[in-house]
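What follows is a set of notes on a single structure, which appears directly below.
Just so you know, these numbers come straight off a predicted model, no measurement behind them.
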Amino acid sequence: MVIVKKEKDAILQEGNDIFVDLAKLKNEDPDSDNVQQIMIRWHEFLSNFYDPSIELLRGLNEMYFVDTKFKNKFKKIDPDLPDFLHASIDCYVDKLENQWIEENKETLDNEL
């Protein structure tokens, strides 16, 4: 798939918009519906680059949190964003994991 510059710029802008919109909600609970809707947008955004599995999302969250390049990028948007983003992604990925376990419970039970 060939992405023209205009499309690439729109995709990258959406990525930035997601983090700006999340920062606006930093006073909400990371598990709130509003915050989790942004996490869904983030997850869908990542699909522009690769298939974002649960494991990948968890690892990306840790990288965002410990890598100073990412941390500084997020701090420029809002000084509280790195911590809030980390908590928000944790909540989101926990929900995905719980949903996966529930959907695969019978298979998992049979394997035990």
Side-chain angles (χ1 to χ4, degrees):
M1 172 172 83
V2 176
I3 298 178
V4 294
K5 181 174 177 6
K6 195 175 186 181
E7 290 175 50
K8 180 181 175 185
D9 290 347
I11 290 168
L12 295 176
Q13 183 61 51
E14 170 63 8
N16 191 64
D17 290 349
I18 288 167
F19 298 119
V20 169
D21 290 348
L22 183 63
K24 292 175 187 174
L25 299 176
K26 70 180 184 180
N27 294 322
E28 289 195 25
D29 188 305
D31 200 28
S32 75
D33 288 343
N34 291 332
V35 171
Q36 291 304 298
Q37 285 302 311
I38 292 178
M39 292 296 91
I40 291 169
R41 278 178 56 203
W42 170 72
H43 191 176
E44 291 170 352
F45 165 76
L46 293 175
S47 297
N48 288 296
F49 307 102
Y50 40 76
D51 181 23
S53 66
I54 292 172
E55 295 83 7
L56 189 137
L57 296 175
R58 183 76 70 196
L60 188 56
N61 189 29
E62 291 310 306
M63 186 176 71
Y64 282 172
F65 195 65
V66 298
D67 186 298
T68 54
K69 281 192 308 187
F70 282 106
K71 218 169 195 176
N72 290 336
K73 174 187 172 175
F74 297 134
K75 281 183 180 181
K76 285 181 186 175
I77 295 171
D78 186 290
D80 297 325
L81 184 56
D83 291 334
F84 187 65
L85 175 62
H86 191 258
S88 300
I89 294 173
D90 266 348
C91 289
Y92 179 70
V93 176
D94 286 349
K95 285 181 180 182
L96 290 178
E97 286 177 340
N98 289 335
Q99 179 183 349
W100 183 89
I101 289 169
E102 202 52 45
E103 290 170 357
N104 294 282
K105 188 173 183 356
E106 186 175 318
T107 302
L108 294 170
D109 286 344
N110 289 337
E111 290 182 10
L112 294 177

Assigning hydrophobic clusters by single linkage (Ile, Leu, Val, Met, Phe, Trp, Tyr; side-chain heavy-atom cutoff under 4.5 Å), is [X] placed with [Y]?
X	Y	value
Trp42	Ile77	yes
Phe84	Val20	yes
Val66	Leu60	no
Phe70	Tyr92	yes

Next on the checklist: Let's go through Leu57 and Leu96 carefully: what are the C-alpha distance in whole Å and the side-chain angles of both, what is the deciding distance for side-chain contact (heavy atoms from CB on, under 4.5 Å) to 0.1 Å, and is it a yes or a no?
Outcome noted: CA-CA 10 Å; Leu57 296 175; Leu96 290 178; 3.6 Å; yes

Checklist entry - Which residue pairs pass the side-chain hydrogen bond (donor to acceptor under 3.5 Å, both in side chains) test with at least one member in residues 13-30, sequence neighbours excluded? => result Gln13-Asp17, Glu14-Arg41, Asp21-Arg41, Lys26-Asp78, Lys26-Asp80, Glu28-Ser32, Glu28-Asn34

Checklist entry - Do any N or O atoms from the side chain of Asn98 and from the backbone of Asp94 form a donor-acceptor pair under 3.5 angstrom? => result yes

Next on the checklist: Strictly distance-based, threshold 3.5 Å: is any side-chain N or O of Asp67 a donor or acceptor partner for the main-chain N or O of Met63?
Outcome noted: no

Checklist entry - With Phe49, which residues qualify under ring-ring contact (aromatic ring centres under 6.0 Å, His included), at least two apart? => result Phe45

Checklist entry - Which residues satisfy the ring-ring contact (aromatic ring centres under 6.0 Å, His included) test with Phe74, sequence neighbours excluded? => result Phe19, Tyr64

Checklist entry - From Asp31 CG over to Gln36 CD, what is the distance, rounded to the nearest 0.5 angstrom? => result 5.5 Å

Item to check | Inter-residue atom distance Asp33.CG - Leu25.CG, 0.5 Å rounding | outcome: 11.5 Å

Next on the checklist: Within the structure provided, determine whether Asn61 and Val93 are in side-chain contact (heavy-atom separation under 4.5 Å).
Outcome noted: no

Checklist outcome for this item: Shortest non-hydrogen pair, Leu56 vs Asp51, comes out as CD1-O, 4.5 Å

Item to check | Considering all heavy atoms, the nearest Pro30-Val35 contact | outcome: O-CG1, 3.2 Å

Checklist entry - Does the pair Arg58 and Glu97 meet the rule for a side-chain contact (heavy atoms from CB on, under 4.5 Å), with working shown? => result CA-CA 10 Å; Arg58 183 76 70 196; Glu97 286 177 340; 2.9 Å; yes

Checklist entry - Gln99 and Glu103: side-chain contact (heavy atoms from CB on, under 4.5 Å), yes or no, with the steps? => result CA-CA 6 Å; Gln99 179 183 349; Glu103 290 170 357; 3.1 Å; yes

Next on the checklist: The test is side-chain contact (heavy atoms from CB on, under 4.5 Å); show your working for Leu85 and Met39 and say whether it passes.
Outcome noted: CA-CA 9 Å; Leu85 175 62; Met39 292 296 91; 4.2 Å; yes

